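Accompanying notes for the structure given below.
The structure displayed is predicted, hence computed values, not measured ones.
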Amino acid sequence: MAPMVGLASSPTSHDYTEGASAIDIDNALANTRRSRRDSQYSITYGEGGEGAMFDGPGHFANPSSVSRMSYLDTRRRSSDNWSRSRRRSRDSGASAKSTMSRRSSKDSQVSRQSLERADSEEGDAGEEEALISDGRSGRSRNKMRRRSPSPQTKIGVFGGLAHLFGRGSMAETSRGRRSSLSQHSITSRRSMRSRNSDAGSDYALDTDEEEERWGYSSGEEDSDDDSVQSMAVIHDDVSITASMEYESDPPSPSGSYGIPLLSPDPVFGGEARIDMEFPFTIRDSPPPGPPSRQTIFIEDEDSTIRFIGFETVRWYAWFWRAGCILTFGILGLVGHWFPRFWLRCVGREKAFIDSQDGFVVVETAYRDITLFPVRVLEYPYHITSVFPSVVPIDLLTAQLPASSTSSLNKTHSLSHSNPDILKHLMIVDYRYSRFALDPRTGLFTTIRNWRDPSMTGLASVQKGINENFRQQRLILFGSNEIDIASKSTVSLLVEEVIHPFYIFQIASIILWSLDDYYYYAFCIALISISSITATLLETKKTIKRMREMSRFVCKVDVLIDGIWSERDSTDLVPGDIINLSIAKFTVIPADIFLLSGDAIVNESMLTGESVPVSKVLIKDEDLIRWKENKDEPSRSMLYGGTKIVRIRGGLTPDGQGKPALALVARTGFNTTKGALIRSMLFPRPIGFKFYRDSVRFIAVLAGIAGLGFCFSATQFVRMGLKWHTIVVRALDLITVVVPPALPATLSIGTSFAIGRLRKFGIYCISPSRVNVGGKVNVCCFDKTGTLTEDGLDILGVRGLDRSVQRFGELLDDIHDLPLGKGKATFLYALATCHSLKMVDDEVIGDPLDVKMFSFTGWSLDEGRVGGTGVIKSKKVVVEQTALVQTVVRPPGSGQFKLEDALKGSAKHAHFLELGVIRTFEFVSSLRRMSVVVKRLKSTSMEIYVKGAPEVMVDICDRASFPQDYDDLLSYYTKRGYRVIAMAGKSIEGLSWLKAQRMKREQAESGLTFLGLIIFENRLKPGTAPAIQILRSAHLACRMITGDNPLTAVSVARECNLINQTAHVFSPVFIRGNSTTPTSKLEWSCMDDFSWKLDHYSLKPLTPPPHHTIEADEINYQDYSLVITGDVFKWMINHAPLETLQRMLVKTQIFARMSPDEKNEIVERLQSLGYTVLMCGDGANDCAALKAADVGISLSEAEASVAAPFTTSTPDIGCVIEVIKQGRSALVTSFSCFKYMALYSLIQFTSVTLLYSFASSLGDFQFLYIDLFIIIPIAVTMGRTLPFPRIYPKPPTASLVSKKVLASITGQIVITGAVQVWAYFWVQRQEWYTPPPPSNPTHGDKLESTNYENSALFLVSCFQYILVAGVFSIGPPYRKSMWTNGWLMTSITVLSLFNVMVLLWPPKIVSDILNLMPLPFGARTVLLLAAMANVVVSIGYEQWGTQRIAGAVGAMSQWRRGRRRVRKAYKVVEGGMR
């Protein structure tokens, strides 16, 4: 692996060798891969060219907002190459309103695998060539297309079974899971992604590469959206970065295996997040002809998938079906579990354009695959009604020979009479998303990215569309409903039963029944049926809940052929014009643009904040930019699923009313709500290390069973036993070594933990996450509503005492506030500078504005009755707006006509009214809003500005600030108060028209500072104690908030998330901004701006001379970092990797973060090896809650569906319980697994020794062991409660760790030695009688009445009990086993019963258990041997395990040359010390 280097331009070389060797770094990176939803990371390939596109994060870091495919040559990587290969993060609007929007979608990436550059230019060789995988040319396509809902094909039970045994192209077997909810910022700037093509061709050039790959790397594309034509096929060497660790499909039909395409990444290979990894790379070239492989980026899901065209070969399919029949369905099950095997046997790769009767294999970021049929729709419409009109075929033909091009153009999809008219449309529906095949290129495109080419402005859409167009778009987009396909109970049952564990249990039950072992078979069948029933009930309940939450139907008035008609909302299509004024619905039915009128909606479903949002009319330029996919005007978009607060019609210039109209932009699953539902339906799977190791360990046990069978079969053949007896005994030996009850016992600890969590009001919908909670090592928290109480309260206001030019006293009563002498007063600013609305006599708006206005005690009235004014430019009407937007009055004031508020001299001048003439909305980048206000009888207008105190310095007159401004501001912000500053000015003679034409820069300049408003946001009572407990357990805590950094730091200090004495450093741009690659950051201490950090290593520089800390006293623990969203975006895109990683490790507060950036932070921390817990309270945290290893929602709204854990008590104390219960459950799962493994090996030892002379344990002996000893102990082992305190070090999650393997191996040797001793000891006794010779004709039963059997059975009964005590791990993760009354009772009762059976066995017991009569002295010897076994096993577990594990570790470390394998974040921490 290439070493990590800094930027070449850096004057000083920094590396992780500061405290960590290069070997440390290599080892950490080679052993901490986490195959998760890391779209921000590229792939690093191994030596020899092996690598998988979907393997975990490589050396390059890219933001989740724009992921691309890449193949990175680690041997030629430089820091310059690295910095240029970064993706650019889009500018998400920091405004809360923009956070709920989705990223504008980009088109798919295509991969033309057979086309390579025959004439690569020497000039491109430098840095970019180091990043290009094989010199293939690519196509850059930047036009977006719309995406449609993909109704799931409903297959009956018999159809599903038929598909299982003979997969055809018509079946759909997806049970995909999507990784995480991505709510993307609408106002974000979309960086261009290069669509590099890797599609199959007849004329593939020879390549030096050993194998065909389909990922490309990329330098940074700096082109703007408008620089590339729609669907342009660009000859481009810059390729696509592979960040595909996002979406996944669960094992349907594949488990987690990939198709024959990919091999795993050697980097980060030690801790992959998928369940199992089976490397498999396609080595042959794609078939000749049009493309058959394609890489597609799904922008709204932030995921990258791969399409591969296939068809079934008829003769192969018949042979497969015959094989399924001959093997009684076993071959079909194997094909279901290993779909790549089925594809090899039955299918062959086929070009998309030729696969009308074939299917598409879709591979996700986790190498899970699903098969989807290629459906053909009758579609006699123009090609531009689906695909972009501009396709530079000449560029395509420049690289494709004529025969290939003609094969595309002669497709049957196009009409012979008119090549622009389609005859039919080939589509693939994947996860409720529709992809259509463009017959001109032979590649799929996302339907949701399509835009109507006839949309040239507002005038072109005002009349709606006719019925013919509506029918065409209904075919293309489907109905406007989010209808989740449900399955019948029988279908769900079949899917559950064909799981490998249940198949093994069914086979075991059949085998035991054939062997007359009915009792235990019945018990296992009962356990399995109970488990399946519980799973089915939970699945049905979840599906029902999701369907109820997602589906919405209402009546809506639609303009069709110029006539208004009432239709169901399910009939809406993009382009429809709907009337909102007479609508009876309360929820927006689709994503729509507001064309006229005004609207206020509640977007809490998207932002998590129940704050009404005012929508403005869309303008021509905004609509055109949306059509060209440049950005999405979020302020004009009413999102589907959001609640209507108020809809009002507009007014014409002459005062006549007109209805509120809207243009339908997206429908169904293409809407923002559809993306939210898809993210919940398809979550990211977890590949927990314990689960992977358990499967591997079971495979090892099966291998041991095979060895035992070979030994026993040899003996059986030598003794002349019948073949069917040998087969039955061999299969029985497998059920001995791999106990069918193992899966049930592994879930025992988890089940008890979930039950205990429920008692604390914590509910879990994903049981597998309980064990993952035991490995959490970093906890991330939202601030408002999570750490602090919801909402803000006004502490008071501080005006100015102009006589001394200082702040006045803190006033908590508005009547104490002096009015002042000037026209622009503090009181008037408080009353007018807001965006509040009046709905049903209730003031609504931003909670901060509501609190501020209610503090004044004034009343508010909206100014609609005043009519509208017209703003003209060059005699053209530019805009119509209300004459007066809002009127406010002091308490007790009379009402005046609104028109008179505009007149300079009115008759009733004693009435005090302030009319808001114009509002400049809050802009997150400016961090302020402003209003133009006219007072009744006044000849002037006033401008008031409200914003962050820091920005006031730039827009206010310096002389207007009080002398103690900085001191007072610092005092309040450092104590956690939120401070808002107010400023204003008066402009004499300003008319209404001039006010409307005034630019914002003119209004917000030359202001006079008026005062401060101080809000307080109180901590929740349980916050500080919970944070203290977590920090005492050495768990890192992070705050991720949308609030400003000063308040966040104050809250963090108040709750001890940051030490009170710790120095906090924050960055600012001293050159450029977040969108400029060459920008430069400066990190300054928030308490002393003269103290800086090194901009590369992020280590403190020498403190200023007056500082209290000496330079040599600064260490790693002395400081922390706080970072804002804009700086975070810049560092993701342009900072050196080492700096980025150090920032992630050292930053404890992430402020001003959008929902998308919260998600990004979680994934970045995961990429460093952290196991992340995220705790939030709103739907704006959904993406982060889904992406985190453990997500806890403090809300019962949408976030509770997305998060694995939900608490009814909105307090972060639930985090402590989840971690404690998770650790307890994880340790319990380890204990149960080790116990079951040792139990099976103890029984295997007994059976193998008895098989040596054709003997075995009797049926009742098996029953006594399996039912009366094992099940009570295994069940009660999980009832041990968690330890009261959280231990600083988390438990191991690896079953193959040195300590675990030393424990299991040692106990196997000890118990095996005791059994071997007993076997040979009994044969040497004088009273011993050899068993009679075996009778080969005596059926399948083996003789069980002999002395060897009795001795081994009596000794092993004690061993089953003692290993339970040995493996019942207590402190520091669980309480002592002595506190588990159920377990101690079971052990005590069973031990006493075993002693009775050994020393004084009742005759009935001896007869049932087939025991031979033994002398009392012999029984005493066996009891002493069992007691010695107990002492040795306990002693070894207490002292021997540690010593042997340490010795093995020392030897392995010596062999590796004293290298330590550490996680990446630990290496980073070491490098900063």
Side-chain angles (χ1 to χ4, degrees), residues 108 110 145-155 159 162-163 166-174 199-200 287 289-294 296 305 307-314 317 346-362 370-388 391 407-450 468 471-479 485 573 668-669:
S108 64
V110 294
R145 304 179 187 83
R146 286 195 56 75
R147 171 177 177 174
S148 70
S150 54
Q152 304 292 318
T153 305
K154 296 184 180 179
I155 304 173
H163 164 67
R167 280 191 187 133
S169 62
M170 76 293 179
E172 175 186 312
T173 56
S174 169
S292 61
R293 304 175 188 174
Q294 181 182 359
I296 297 177
I305 58 176
F307 278 15
I308 307 96
F310 269 87
E311 68 174 355
T312 52
V313 182
R314 180 175 300 177
V346 178
R348 68 182 173 192
E349 195 170 344
K350 187 77 171 179
F352 298 127
I353 201 75
D354 299 327
S355 60
Q356 295 189 21
D357 297 324
F359 56 93
V360 169
V361 175
V362 181
T370 44
L371 278 61
F372 294 90
V374 177
R375 297 170 53 203
V376 180
L377 303 178
E378 291 298 325
Y379 194 82
Y381 300 101
H382 198 276
I383 195 169
T384 57
S385 66
V386 189
F387 308 106
V391 182
S407 67
L408 293 177
N409 293 334
K410 291 181 180 179
T411 173
H412 295 293
S413 296
L414 295 174
S415 172
H416 295 291
S417 59
N418 187 349
D420 291 333
I421 301 298
L422 295 169
K423 288 197 304 182
H424 58 253
L425 189 66
M426 298 173 62
I427 63 167
V428 170
D429 289 330
Y430 166 74
R431 287 185 182 172
Y432 300 103
S433 300
R434 180 162 290 178
F435 300 87
L437 189 73
D438 191 337
R440 301 167 298 182
T441 61
L443 295 165
F444 283 98
T445 181
T446 313
I447 291 298
R448 75 174 302 277
N449 294 339
W450 178 81
N468 290 334
Q471 292 304 316
Q472 170 257 317
R473 295 183 186 180
L474 273 174
I475 295 173
L476 184 62
F477 296 102
S479 60
V573 296
F669 276 97

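In this structure, OH on Y381 lies 11.0 Å from CD1 on I421, to the nearest 0.5 angstrom. Here the CG atom belonging to L437 is positioned 8.0 Å from the CZ atom belonging to F352, to the nearest 0.5 angstrom. Taken to the nearest 0.5 Å, the CZ atom of F310 stands 8.5 Å off from the OG atom of S292. With rounding to the nearest 0.5 Å, the separation of NE2 in H424 from CG in L377 is 10.0 Å. Taking OG1 of T370 as the start and CD1 of I305 as the end, the distance is 8.5 Å to the nearest 0.5 Å. One distance of note links CZ of R434 with CZ of R375; it measures 5.5 Å at 0.5 Å rounding.
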Trace of the side chain to side chain contact (heavy atoms under 4.5 Å, CB included) decision for F387 with L422: CA-CA 11 Å; F387 308 106; L422 295 169; 4.3 Å; yes

Residue pair F372, F307: steps toward the ring pair (Phe, Tyr, Trp, His ring centres under 6.0 Å) verdict: CA-CA 10 Å; F372 294 90; F307 278 15; 8.0 Å; no

Candidate pair F477 and V573, rule side chain to side chain contact (heavy atoms under 4.5 Å, CB included), full reasoning: CA-CA 7 Å; F477 296 102; V573 296; 5.5 Å; no

Stepwise ring pair (Phe, Tyr, Trp, His ring centres under 6.0 Å) check, Y432 with F669: CA-CA 7 Å; Y432 300 103; F669 276 97; 4.3 Å; yes

Candidate pair E378 and I475, rule side chain to side chain contact (heavy atoms under 4.5 Å, CB included), full reasoning: CA-CA 9 Å; E378 291 298 325; I475 295 173; over 6 Å; no

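When all heavy atoms of L371 and F359 are compared, the closest pair comes out as CD2-CE1, 3.8 Å. The minimum heavy-atom distance between S479 and L474, with the atom names listed, is CA-CD2, 4.4 Å. Considering every non-hydrogen atom in both P291 and L443, the closest pair reads CB-CD2, 3.5 Å.
Evaluation of the side-chain contact (heavy atoms from CB on, under 4.5 Å) rule for A351 yields P290, I353, D354 as partners, not counting sequence neighbours. By the side-chain hydrogen bond (donor to acceptor under 3.5 Å, both in side chains) test, Y379 pairs with S385, Q472, sequence neighbours left out.
At a threshold of 4.5 Å between non-hydrogen side-chain atoms, the residues L425 and V386 count as touching. No side-chain heavy atom of T312 sits less than 4.5 Å from a side-chain heavy atom of R348. By the 4.5 Å heavy-atom criterion applied to side chains, D438 and F444 are not counted as neighbours.
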